[in-house]
Trainee: 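Below: one structure in structure tokens.
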Amino acid sequence: MREVPKSPRLGIIIPVYNEQEVLPALLERLNSLVLGLPLSILFVDDGSTDRTLAMLQEACKRDARLACLSFSRNFGQQAALVAGLRYVRGDVVAVLDADLQDPPELLNEFLAKWREGYDVVYGIRKNRKEHWALRAAYKSFYWLLSRVSSIHLPRDAGDFALIDRKVVDTLNTLSERNRFNRGLRGWVGFRQVGVPYDRPARQAGRTKYNLTRLCNVAIDGLLSFSAVPLRISGWLGAAAALLGFGFLVYILALFVLRQPLPDGWASTIVVILFLGGIQLIVLGIIGEYLGRISEEVKRRPHFVAQSRLGWLSESEDDA
Ligand code: UDP
Ligand code: MG
């Protein structure tokens with residue numbers, strides 16, 4: 001059992017990007033949420049261009065538990081989470097999607113686990129409602145990630161989680177640019193447990209991820225947690241060398257058996273294309289890592305904030 005603070009406070013982080021369709025339903029659900037402990041909710045507006053910010057402004061005026069940090073442009077969900085973790089208040093912190101795919105009522109179950117002594121309680125998606133092709137892609141990504149990464153990353157766990165304050169503070173000390181928050185959450189250690197849940201479909205509005213953005217998140221995840229792609233170059237080199245050697249043996253055999261030797265043009269082209277392809281792949285992989293290193297070296301902030309609403313407007317520290 002955990003030594004729970006006398007009256008623990010729960011902070012909830014919700015990244016929002018053009019969510020005007022779902023926001024009323026979300027506010028309604030949060031309003032009727034019964035968790036039995038005081039709440040403070042931090043929206044991170046990731047540069048919305050619709051009425052999201054105006055609606056949040058209204059909501060913050062009505063309800064003192066709400067606050068909003070808004071970015072100067074769209075920096076991406078991972079950056080919004082970085083900001084949320086930095087500014088959220090509470091002894092224990094929850095991360096939710098705005099579209100109600102992470103049912104807030106489930107936090108009761110998460111809190112029970114937290115009281116038992118777990119420091120990180122994350123949701124595991126039991127069945128996904130997405131298209132089967134997307135589901136297959138997710139499945140292979142999580143499979144690949146758990147195979148090649150150097151640490152244990154739970155499969156099918158998203159950003160939906162309840163995190164103890166000490167873990168939040170630890171996450172805030174990590175400064176890397178290419179953030180894959182659910183990976184870092186696993187990386188920091190402490191006592192972690194997954195809670196399976198049925199992930200409903202998005203309640204309103206449209207997903208903010210197209211295939212390219214999803215692939216980018218996947219590549220970030222893979223490259224931040226594994227050096228295996230770099231090692232692939234070695235394997236490819238070995239495979240090419242082996243193939244070349246086989247070809248040499250074949251030609252020597254023809255020579256010894258006094259068979260006519262092949263004319264040579266086709267085989268030369270094949271070898272050149274094969275080796276050229278491998279070299280380009282390997283260069284691409286090295287380039288991916290190099291690009292990330294240069295991002296890290298520049299040390300730009302994860303986000304630029306432009307305004308604060310609700311309880312956040314009272315605090316003076318820099319965004
Ligand atoms: N989101 C964000 N910035 C972005 C894209 C998404 O803050 O650039 C937020 C979005 O408002 C939502 C959450 O991240 O609260 C998850 O997005 P979405 O539901 O579109 O992703 P999906 O569930 O389809 O993977
Ligand atoms: Mg969603």
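The analysis underlying the following values was restricted to heavy atoms, covering all of them including side chains, and did not include hydrogens, waters or symmetry mates. Just follow the structure's listing: the first ligand is 1, and inside any ligand the first atom is 1.
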Trainee: In this structure, which one of R185, K166, R191, R165 forms a salt bridge (charged side-chain N to carboxylate O under 4.0 Å, His left out) with D119?
Mentor: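 In the set R185, K166, R191, R165, the residue that makes a salt bridge (charged side-chain N to carboxylate O under 4.0 Å, His left out) with D119 is K166.
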Trainee: Check whether any side-chain heavy atom of L27 sits under 4.5 Å from a side-chain heavy atom of L66, and report yes or no.
Mentor: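 They are in contact (side-chain heavy atoms under 4.5 Å apart), so the answer is yes.
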Trainee: So do the side chains of V121 and V195 get within less than 4.5 Å of each other, counting heavy atoms only?
Mentor: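 A side-chain contact under 4.5 Å exists here.
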Trainee: Checking contacts here: is it the side chain or the backbone of N18 that comes within 4.0 Å of ligand 1, counting heavy atoms only? Could be both or neither.
Mentor: neither
Trainee: Under 3.5 Å, N or O to N or O, is N74 touching ligand 1 that way?
Mentor: yes
Trainee: Compute the shortest N/O to N/O distance between P15 and ligand 1 and return yes if it is under 3.5 Å, no if not.
Mentor: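 It does: an N or O of P15 is found under 3.5 Å from an N or O of ligand 1.
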Trainee: Show the atoms of ligand 1 that are less than 4.0 angstrom away from any heavy atom in G76.
Mentor: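 So the answer, numbered in order with elements, is 3 (N), 8 (O).
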Trainee: Verify whether one side chain among R199 and Q101 offers a donor that lies under 3.5 Å from an acceptor in the other.
Mentor: yes
Trainee: Using the ring of F255 (Phe, Tyr or Trp, six-membered ring only), decide whether R258 places NZ or CZ under 6.0 Å from its centre and within 45 degrees of its axis.
Mentor: no
Trainee: Ring centroids only, cut at 6.0 angstrom: are Y197 and F160 within range, meaning strictly under it?
Mentor: yes
Trainee: Considering only heavy atoms of E19, which atoms of ligand 1 have at least one such atom less than 4.0 Å away?
Mentor: 10 (C), 11 (O), 12 (C), 15 (O)
Trainee: Taking the Mg ion (ligand 2) as the vertex, how big is the angle to OE1 in Q101 and OD2 in D99, rounded to 10°?
Mentor: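 With the Mg ion (ligand 2) as the vertex, OE1 (Q101) and OD2 (D99) sit 100° apart.
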Trainee: List the residues meeting side-chain hydrogen bond (donor to acceptor under 3.5 Å, both in side chains) with T49, not counting sequence neighbours, and say none if there are none.
Mentor: N18
Trainee: Of the backbone and side-chain N, O or S atoms of T207, does one lie nearer to the Mg ion (ligand 2) than 2.8 Å?
Mentor: no
Trainee: Where's the contact between D46 and ligand 1, heavy-atom distance under 4.0 Å: side chain, backbone, both or neither?
Mentor: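 The side chain, only.
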Trainee: Backbone, side chain, both or neither: what part of Q78 comes under 4.0 angstrom of ligand 1, heavy atoms only?
Mentor: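 Neither part.
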Trainee: I need the atoms of ligand 1 closer than 4.0 Å to a non-hydrogen atom of A98, numbered in the order shown.
Mentor: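 Here the atoms of ligand 1 in question are 12 (C), 15 (O).
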Trainee: Within the 4.0 Å heavy-atom shell around R199, which atoms of ligand 1 are there?
Mentor: 23 (O)
Trainee: F180: which residues meet the ring pair (Phe, Tyr, Trp, His ring centres under 6.0 Å) condition with it, sequence neighbours left out?
Mentor: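 Counting only residues at least two positions away or on another chain, F180 forms no ring pair (Phe, Tyr, Trp, His ring centres under 6.0 Å).
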Trainee: Quick check on contacts: which atoms of ligand 1 are under 4.0 angstrom from a heavy atom of D99?
Mentor: 19 (O), 23 (O)
